[in-house]
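To keep things clear, I will list the structure first and then write my remarks on it.
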Amino acid sequence: MGFYLSKSRTVMHNLKPKLGSLGVMFHQSSGIASFYHHQESQSGLIKNLGAGSCNRPTLFTIWRSEHFKAEKQLDCKQNCGGPQVLNFPGGNVKFTSELDFLPEGLEERVHCYRILDENGQLTSSNFVQCFQISDELAVRMYTYMAMLQTMDTIFYEAQRQGRISFYVTAIGEEAINIASAAALQLDDPVFPQYRESGVLLWRGFTLQEFANQCFGNKNDNCKGRQMPAHYGSVKHNYFTVASTVATQVPHAVGAAYSLKMDRINACSITYFGDGGTSTGDFHAALNFAAVMEAPVIFFCRNNGWAISTPVGDQFRSDGIVVRGQAYGVHSIRVDGNDALAIYSAVRAARQMAITEQRPVLIEALTYRGGHHTTSDDSTRYRSAEEIEWWRVAQCPVSRFRKWLEKEGWWNSDAETELRASLRKQVLHAIQVAEQVEKPPVADIFTDVYDAPPSNLHEQETTLVEAIEKHPKEYPPNFSC
């Protein structure tokens, strides 16, 4: 016998109606939307999305497993002349005499949830019924999408000028960044990859703070220790970016499980690319989250390329969305260039994760409109014409702007004024950051050990001697 940790029957009974309503909301809102559910449908739409329950009953009960009792295991019965059923660990299994292998995939690919088409037209009126998005929120979302776009353009140019050493853009993925961030709360910890600077921007990280980090000056809250564009902020609940692929995914699950144990009405979210799903960390994280029912949102930015590797060379499955279903995780595929679809999907996923204490997987189909990083030349493995088509025809910023203009919330004069202001703000932030001195060399060796070991002291001494011997090889304001 063994002891297992499981949700109590009472909790499952209380949460059951909510799951059914959410399923109807997604199936009714668009004919191309699909959350995976194994529960009966119920009528009605989700109300008060984003609100959690503070008076949730006890989440766990400990029960003694009876899976290994012989009389339980061998309870194979006949159901009124139907197929035999075995009470196997994990649930009843029906037997069949048909030798039938499961196919490698569905005949038709999983549909993609969309609200706005390429012309900024609503594809369904159900969005308005389910999600009352105000003109104030919509304009704010667009402003931050334009801000991210402007920041990426100018910071990329600064790297090409040799003013910073490295940069990562989110060109073509502005809707993913800003719309998903708008659907979250500050209490929700974010575990990013490296193409989610817009999430941090939305949460209040200033343009000056971005510039300080990229220049690695003394005002950088990472103290110049991180690569440029590898941000982090405790204040904004945004865990520091790591270049290692998908290591943040299991971290997010652990954080979500902690939120659950502490009964905090929040969920964690982790972002990763299609390449991240080819790592063991991704699979271990999904399975752990499903089994432990952790309130975490897995957000995959399927932009078609893992650096130079196309998705066709990575996997044979129908993208990423079916992998969630395989692990027992509610999943949905969303148009990653549609800000309204992203916003509504993340908002509903957050509601589900918190109130039902379960993981959710979102696969956003998009396209990486820029190079992987400034160290990459993507025209070596894809055509410039293909890149340009996606950047123009499928631009998420332009699509959202068209919708705003149709609603009467935006016009060309506001656009001109915003773009001029944003460019001025970004340039000013760079000019200021460039003039600030670098952190002292001593900061390289602090904040790890309470009492630094002798080998670190030796390394610090050697580095200081090298700087003093070759001062021209280091910035003039580089202090020891």
Side-chain angles (χ1 to χ4, degrees), residues 19-42 83 88 90-115 117-118 123-124 126 176 246 249 272-280 282-287 289-291 296-306 309-338 341-342 344-346 348-349 352-353 356 358-367 394:
L19 177 58
S21 298
L22 186 58
V24 171
M25 188 277 289
F26 269 86
H27 284 293
Q28 288 184 348
S29 61
S30 173
I32 56 179
S34 177
F35 251 108
Y36 290 113
H37 289 290
H38 303 285
Q39 185 167 345
E40 68 274 11
S41 297
Q42 298 181 17
F88 190 80
N92 290 337
V93 177
K94 293 182 179 180
F95 290 101
T96 178
S97 59
E98 299 293 329
L99 181 60
D100 189 13
F101 290 88
L102 292 175
E104 68 275 11
L106 301 175
E107 291 185 5
E108 184 179 8
R109 297 195 67 182
V110 175
H111 294 176
C112 186
Y113 177 59
R114 168 186 274 193
I115 296 298
D117 64 17
E118 289 84 350
T123 62
S124 171
N126 283 338
I176 287 175
V249 182
F272 48 91
D274 47 274
T277 69
S278 298
T279 67
F282 166 79
H283 294 276
L286 249 69
N287 190 58
V291 173
V296 55
I297 299 173
F298 297 100
F299 196 111
C300 177
R301 299 175 293 94
N302 186 350
N303 60 24
W305 296 90
T309 305
V311 292
D313 290 346
Q314 291 188 68
F315 42 75
R316 289 291 301 275
S317 63
D318 179 12
I320 315 303
V321 66
V322 295
R323 299 186 180 190
Q325 184 188 31
Y327 282 107
V329 175
H330 281 24
S331 307
I332 189 171
R333 173 173 284 163
V334 183
D335 184 350
N337 296 337
D338 178 355
I342 293 293
S344 57
V346 174
M352 182 186 297
E356 301 175 18
R358 65 167 67 247
V360 182
L361 170 66
I362 297 174
E363 178 191 19
L365 299 184
T366 183
Y367 188 85
Q394 298 293 327

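Atom set for the values below is all heavy atoms of this structure, side chains included, hydrogens, waters and symmetry mates excluded.
Using cut-offs of 30° and 60° for the angle between ring planes, the His283 and Tyr327 rings count as tilted.
Between Cys300 and the choices Val321, Ile320, Val249, the side-chain contact (heavy atoms from CB on, under 4.5 Å) rule is met once, by Ile320.
In terms of modelled atom types and a separation under 3.5 Å, the side chain of Ser331 and the main chain of Val329 share a donor-acceptor contact. Thr123 places a side-chain N or O within 3.5 Å of a backbone atom of Arg114 that can act as its donor or acceptor partner. Side chain of Asp338 to backbone of Ile115: a donor-acceptor contact under 3.5 angstrom is found. Remark: side-chain polar atoms of Asn303 are not paired, donor with acceptor, to backbone N or O of Gly273 under 3.5 angstrom. In this structure a side-chain-to-backbone donor-acceptor pair under 3.5 Å is missing from Arg316 to Glu104.
The two residues Gly275 and Ala306 make their nearest non-hydrogen contact at CA-CB, 3.6 Å. Between Val334 and Cys112, the closest heavy-atom pair is C-SG, 3.2 Å. Here the shortest heavy-atom pairing between Gln314 and Thr309 reads NE2-O, 3.7 Å. Closest approach of Ala353 to Val360, counting heavy atoms only: N-CG2, 4.5 Å. Closest non-hydrogen pair, Pro359 versus Phe298, comes out as CB-CE1, 3.9 Å. Nearest heavy atom pair, residue Ala246 against residue Gly276, reads CB-O, 3.7 Å.
One side chain, Thr366 or Asn337, offers a donor N or O that lies under 3.5 Å from an acceptor on the other.
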Carefully, step by step, assess Phe299 and Ile342 under the rule side chain to side chain contact (heavy atoms under 4.5 Å, CB included). CA-CA 10 Å; Phe299 196 111; Ile342 293 293; 3.9 Å; yes
Using the side chain to side chain contact (heavy atoms under 4.5 Å, CB included) rule, take Arg333 and His111 through it: C-alpha gap first, then chi angles, then the decisive distance, then the call. CA-CA 7 Å; Arg333 173 173 284 163; His111 294 176; over 6 Å; no
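Residues Asp274 and Phe272 have side chains not in contact (no heavy-atom distance under 4.5 Å, counting atoms from C-beta outward).
Note that CG of Asp318 is 10.5 Å distant from CZ of Arg323, once rounded to the nearest 0.5 Å. For the atom pair His330 NE2 and Gln325 CD, the distance stands at 10.5 Å (nearest 0.5 Å).
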